[in-house]
> 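The structure is given below, and queries will be raised subsequently.
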Amino acid sequence: MIKTIIIDDEPLATEIVKEYLEDFSQFEIVAICHDGFEGLKAIQQHKPDLIFLDVQMPRINGFEMLELMDELPAIIFTTAYDEYAIRAFDVHAVDYLLKPFAKDRFAKAIEKFAQNGASKKVDSLMEDHPVSSDRINRIVVKVRNEIKIIPVQDIKYLEANDDYVNIHTEEGKFLKNKTLGYFEQNLNQELFVRVHRSYIVKVSEITKIEAYKKDSHIVKLKSKEQIPVSKTGFPKLKEVLGI
């Protein structure tokens with residue numbers, strides 16, 4: 001049997017997926033969840049082969065839930081918003097079902113799973129879906145066995161740490177399994193500036209810029225911390241500060 005979990009906050013949507021799956025006897029629904037927290041616990045408990053995942057859900061959304069997982073099952077996204085398509089395929093989703101979807105379209109998604117599973121390549125599909133221009137406004141991290149949501153406005157600066165990023169706030173430092181390049185692209189560039197290959201700083205935290213060695217500078221923050229500014233980062237800093 002193929003263990004399957006449905007994660008969607010809309011009861012009608014979960015019922016439709018459940019009904020459509022009745023035509024495929026090899027699938028066993030081991031859990032139905034209504035938010036990302038429930039989904040994360042169910043995935044850890046049942047180790048499913050496939051999940052049907054909504055994006056917009058209360059508490060944490062579908063992408064935030066996936067970011068907290070070490071290993072991903074095969075994923076078929078089910079959502080009413082087409083702007084998330086490319087992000088869905090970036091996590092190697094099997095398919096992306098745009099609500100409301102018909103039974104025959106659902107069957108095609110199941111066929112893709114049967115043929116390719118989580119390794120489904122979707123490069124040819126990316127052109128059909130626009131990239132969302134939305135900026136992230138919060139970051140979800142795991143702290144031991146708990147989930148913490150960090151509002152972007154609480155961030156002082158971000159620091160590269162190999163394949164991770166240290167997120168510095170007044171509360172302390174939190175580790176996120178993302179690259180600094182990801183945050184450079186997705187944070188509001190009027191509020192955050194990449195001043196160094198290893199640092200992104202919140203503009204409103206900067207109190208002073210000082211020369212430091214040859215062709216380099218440092219910025220001093222409200223918290224008295226000092227962040228290096230590279231030769232290439234200095235023009236970006238001046239531009240965002242209007243100097």
Side-chain angles (χ1 to χ4, degrees), residues 1-126 128-129 140-149 177-178:
M1 297 294 285
I2 298 169
K3 292 192 292 184
T4 306
I5 292 177
I6 304 169
I7 307 171
D8 197 313
D9 65 318
E10 300 176 18
L12 178 59
T14 60
E15 285 301 314
I16 288 173
V17 173
K18 183 179 176 183
E19 177 187 336
Y20 287 175
L21 274 177
E22 290 176 357
D23 290 345
F24 303 91
S25 58
Q26 69 272 36
F27 289 84
E28 176 191 9
I29 300 173
V30 295
I32 295 177
C33 308
H34 299 290
D35 63 53
F37 283 135
E38 286 183 22
L40 187 62
K41 291 178 183 177
I43 291 169
Q44 292 170 339
Q45 178 183 351
H46 296 287
K47 303 290 191 293
D49 304 296
L50 172 67
I51 62 174
F52 290 89
L53 179 62
D54 189 16
V55 176
Q56 290 282 36
M57 294 184 292
R59 304 176 77 186
I60 60 173
N61 66 40
F63 290 114
E64 291 170 335
M65 186 201 80
L66 295 178
E67 289 175 5
L68 299 172
M69 297 174 56
D70 297 322
E71 294 183 12
L72 297 179
I75 305 161
I76 295 176
F77 280 91
T78 59
T79 178
Y81 303 93
D82 64 356
E83 65 263 32
Y84 299 114
I86 288 183
R87 286 188 65 190
F89 292 134
D90 281 345
V91 296
H92 306 292
V94 174
D95 207 344
Y96 185 94
L97 297 176
L98 191 61
K99 298 175 183 176
F101 47 85
K103 201 170 189 177
D104 59 343
R105 179 65 184 86
F106 182 88
K108 288 180 181 178
I110 294 297
E111 182 181 352
K112 287 182 182 179
F113 169 77
Q115 291 176 348
N116 301 286
S119 65
K120 173 67 182 173
K121 295 195 181 211
V122 294
D123 295 343
S124 62
L125 298 177
M126 288 188 176
D128 298 333
H129 300 281
V140 179
V141 297
K142 267 199 294 192
V143 182
R144 292 178 287 278
N145 294 322
E146 297 182 351
I147 296 172
K148 179 173 180 60
I149 297 174
N177 186 9
K178 286 285 186 183

> Decide side chain to side chain contact (heavy atoms under 4.5 Å, CB included) for Leu21 and Thr4; before the verdict, give the C-alpha distance in whole Å, the side-chain angles of both, and the deciding distance to 0.1 Å.
CA-CA 10 Å; Leu21 274 177; Thr4 306; 4.1 Å; yes

> Can you establish whether the number of heavy atoms outside Glu146 located under 6.0 Å from its atom CD is more than 12?
no

> Atom CG in Asp8, atom CD in Glu15: separation rounded to 0.5 Å?
11.0 Å

> Passes side chain to side chain contact (heavy atoms under 4.5 Å, CB included), Phe27 versus Ile110? Steps please.
CA-CA 10 Å; Phe27 289 84; Ile110 294 297; 3.8 Å; yes

> Testing the basics here: between Tyr96 and Thr79, what is the closest heavy-atom pair and its distance to 0.1 Å?
OH-CG2, 3.3 Å

> Check this for me, if you would: do Lys47 and Glu71 make a salt bridge, where the nitrogen-to-carboxylate-oxygen distance has to be below 4.0 angstrom?
no

> Look at the rings of Phe52 and Phe106 and say which category their plane angle falls in: under 30° parallel, 30 to 60° tilted, over 60° perpendicular.
parallel

> Step by step, work out the side chain to side chain contact (heavy atoms under 4.5 Å, CB included) result for Met65 and Ile43.
CA-CA 10 Å; Met65 186 201 80; Ile43 291 169; 3.7 Å; yes

> Dump the intermediate steps for side chain to side chain contact (heavy atoms under 4.5 Å, CB included) on Leu40 and Met69, then the final yes or no.
CA-CA 8 Å; Leu40 187 62; Met69 297 174 56; 3.4 Å; yes

> Could you report the tightest heavy-atom contact between Asn61 and Val55, atom names first, then the distance?
CB-O, 2.9 Å

> Are the side chain of Lys142 and the backbone of Leu68 linked by a donor-acceptor contact shorter than 3.5 Å?
yes

> Looking at NE2 of His34 and CE of Met57, how far apart are the two atoms once the value is rounded to the nearest 0.5 Å?
11.0 Å

> Measure the spacing between CZ of Phe113 and CG of Leu50 and express it to the nearest 0.5 Å.
5.0 Å

> Could you tell me the separation between the CG atom of Leu66 and the CD1 atom of Ile60, rounded to the nearest 0.5 Å?
9.0 Å

> Take Arg105 and Asp95 through the salt bridge (Lys or Arg N to Asp or Glu O under 4.0 Å) test and state the conclusion after the steps.
CA-CA 10 Å; Arg105 179 65 184 86; Asp95 207 344; 2.9 Å; yes

> Mind checking the SG-CG spacing from Cys33 to Leu53? Nearest 0.5 Å is all I need.
10.0 Å

> I'd like to know if the side chain of Lys99 and the backbone of Ala13 have a donor-acceptor N/O pair within less than 3.5 Å.
no

> Using the salt bridge (Lys or Arg N to Asp or Glu O under 4.0 Å) rule, take Arg59 and Glu38 through it: C-alpha gap first, then chi angles, then the decisive distance, then the call.
CA-CA 10 Å; Arg59 304 176 77 186; Glu38 286 183 22; 5.7 Å; no

> Just jot down the side-chain hydrogen bond (donor to acceptor under 3.5 Å, both in side chains) partners of Glu28, sequence neighbours excluded, or say none.
none

> With sequence neighbours excluded, what pairs up with Lys148 under the side-chain hydrogen bond (donor to acceptor under 3.5 Å, both in side chains) test?
Glu171

> What are the two closest non-hydrogen atoms of Asp35 and Ile7, and how far apart are they?
O-CG2, 3.8 Å

> On a heavy-atom basis, which atom in Ser25 and which in Met1 lie closest, and how many Å separate them?
O-CE, 3.3 Å

> If every non-hydrogen atom of Ile51 is compared with every non-hydrogen atom of Pro73, which pair is closest and at what distance?
CG2-CG, 3.9 Å

> Return the NZ to CD1 distance between Lys18 and Ile32, rounded to the nearest 0.5 Å.
5.0 Å

> Where do Ile6 and Thr14 come nearest, in terms of heavy atoms and distance?
CG2-CG2, 3.9 Å

> How about Phe63 and Phe77: are their ring centroids closer than 6.0 Å?
yes

